[in-house]
Amino acid sequence: MDVVRTEYLPDPSLDQAEMKAQQRDIAADATFEDDGAVDPAALRLDEPIELPDGDPPRSGAADAPIVVGVDQAFTDGTAISAAIAVQSGSVVGRSIGRAPLEIPYIPGLLAYREAGAIVDALESLTVDPSLLMLDGSGRIHYRQAGIATHVGVLFDVPAVGVAKSLLCGRPARSLENPLPDGTRVPILADGSVEAPDGTVIGHAYQSRQFPTPARRHVNPLIVSPGHRVSATTTVETVAALAAGYKLPEPTRLADRAVDVAEV
DNA sequence: GCGACAG
DNA sequence: ATCTTGTCGC
């Protein structure tokens, strides 16, 4: 697939003020509403997917939506990104991308550190995605332009962000301990987000609840729209693709793939 | 000045 | 994110 908004390719040499200004432009170009391209009901998975060893057989229902999970890992001074395309319960495409790490991790500017590798991976992907599932936030971001929004706008493809912790915003209710499986808690814009106070910018979603060594529970996922999807569709999509594990299948497979690639 | 902070 | 073995509990 190809980048359509080349002016937004992440440039690590920009200073922080320029990055923030660009993020405001990206947020203005993003859409946090459904445009009909994504239907959660058409994505429902019942069981976990196996990660193929070699090149994935391009099987699957030809007209079913394709969700591409993307995740990164780091070695030395390099960022590695893996993209795994999932269509109706099977892997129908995969690619790996790399890019040198130019800047440190800075909360709110993650895309300028990691998106280069993601773009490299997605540009060599031969199937075209109905939805991109990025690790990190989308609209749950100070300037409503998290990495999922940035990448979604770059390719002008529907995108959602799946994070393991909350960057900013305020949960509508407490996220304290054992939330029942399937619980959805809206995340609202507050003073830390450049959006009208109270705007629903995403959700905390308890995909699975089971005991862990340290704590007696598992933290909920934090999901938010990246581009061309609403907050509600975003949670429903993640819920539909969660097949017994904490992470939705596309993300979980990309996670595994990038670890293997790192070796 | 104080606190918070995706991966 | 990454550095890292065994170990507690369902």
Side-chain angles (χ1 to χ4, degrees), chain A residues 10 12 16 19-20 23 26-27 30 69-83 97-119 121 132-152 159-171 175 178 181 187-195 201-205 207-227 231 234 238 244-248 251-252 254-263:
Chain A
Q16 293 193 24
M19 291 177 179
K20 293 177 181 177
Q23 289 182 325
I26 291 170
V70 183
D71 188 42
Q72 288 72 247
F74 309 89
T75 306
D76 309 312
T78 304
I80 303 173
S81 181
R98 300 167 192 279
L101 287 171
E102 314 272 29
I103 61 174
Y105 164 67
I106 302 168
L109 299 178
L110 183 66
Y112 294 91
R113 173 177 167 82
E114 303 188 359
I118 296 175
V119 169
L132 296 176
M133 193 161 273
L134 287 296
D135 63 313
S137 289
R139 195 181 189 183
I140 296 181
H141 178 276
Y142 311 121
R143 293 164 291 281
Q144 302 191 87
I147 195 163
T149 303
H150 199 135
V151 174
V160 300
V162 178
K164 301 175 197 64
S165 61
L166 187 62
L167 173 63
C168 57
R170 168 177 58 87
L175 298 183
D181 282 10
I187 302 299
L188 313 173
D190 59 7
S192 68
V193 180
E194 294 179 4
I201 54 177
H203 291 82
Y205 172 64
S207 57
R208 187 167 190 196
Q209 187 65 64
F210 60 82
T212 293
R215 300 185 172 292
R216 163 61 188 165
H217 65 282
V218 170
N219 298 129
L221 291 175
I222 305 297
V223 305
S224 58
H227 183 42
T234 296
V238 172
Y245 291 87
K246 171 171 178 169
L247 296 173
T251 302
R252 187 178 70 82
D255 231 316
R256 281 199 45 211
V258 81
D259 281 335
V260 175
E262 196 180 354
V263 178

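When reading the values below, keep in mind they use all heavy atoms of this one structure, side chains included, and skip hydrogens, waters and symmetry mates.
With rounding to whole Å, A:D259 atom CG is found 11 Å from C:dA1 atom C1'. Per the geometry, CG belonging to A:D181 stands 16 Å off P belonging to C:dC10, to the nearest Å. Whole-Å rounding puts the A:I106 CD1 to B:dA4 P distance at 20 Å. Computed from coordinates, the A:I222 CD1 to B:dA6 P distance equals 11 Å when rounded to whole Å. In this entry the distance linking CG of A:L166 with P of B:dA4 reads 13 Å, nearest Å. Between the C1' atom of C:dT2 and the CG atom of A:D135 lies a distance of 14 Å, rounded to the nearest Å. Rounded to a whole Å, the CG atom of A:D255 is 11 Å from the P atom of B:dG7. Look at CZ on A:R143: it is 13 Å from P on B:dA6, rounded to the nearest Å.
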Could you walk me through whether A:Q16 and A:I106 pass the side chain to side chain contact (heavy atoms under 4.5 Å, CB included) check?
CA-CA 10 Å; A:Q16 293 193 24; A:I106 302 168; 3.5 Å; yes
Go through it in stages, so that I can follow the logic: the residues are A:I118 and A:I147, the test is side chain to side chain contact (heavy atoms under 4.5 Å, CB included), and I'd like the CA-CA distance, side-chain angles, deciding distance and then a yes or no.
CA-CA 10 Å; A:I118 296 175; A:I147 195 163; 3.7 Å; yes
Full working for side chain to side chain contact (heavy atoms under 4.5 Å, CB included) between A:V162 and A:M133
CA-CA 7 Å; A:V162 178; A:M133 193 161 273; 3.8 Å; yes
Hey, mind stepping through A:D71 and A:R256 against side chain to side chain contact (heavy atoms under 4.5 Å, CB included) and telling me if it holds?
CA-CA 9 Å; A:D71 188 42; A:R256 281 199 45 211; over 6 Å; no
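Across all strands shown, A:G108 has heavy atoms under 4.0 Å from base atoms, whether or not it also approaches the sugar-phosphate. Counting non-hydrogen atoms under 4.0 angstrom, A:S137 reaches a base of the nucleic acid. A:L221 comes within 4.0 angstrom of no nucleic acid atom, judged by non-hydrogen atoms across all strands.
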Dot-bracket for DNA chain B, please, read 5' to 3', with Watson-Crick or G-U wobble pairs under 3.5 Å on both distances, ( ) within the strand, [ ] crossing, | other strand, . unpaired.
.......
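Heavy-atom minimum distance, A:A117 versus A:A99: N-CB, 3.5 Å. Across all their heavy atoms, A:Y112 and A:P12 have their closest contact at O-CG, 3.8 Å. Between A:S81 and A:A121, the closest heavy-atom pair is O-CB, 3.8 Å.
Of the side-chain N and O atoms in A:S192, none sit less than 4.0 angstrom from OP1 or OP2 of B:dC5. In this structure, A:Y105 reaches the B:dA6 phosphate: one of its side-chain N or O atoms is under 4.0 Å from OP1 or OP2.
Nearest to the side chain of A:F74, among C:dA1, B:dG7, B:dC5, sits C:dA1. Proximity note for A:A73 (side chain, C-beta onward) versus B:dG7, C:dT2, B:dA6: the nearest is C:dT2.
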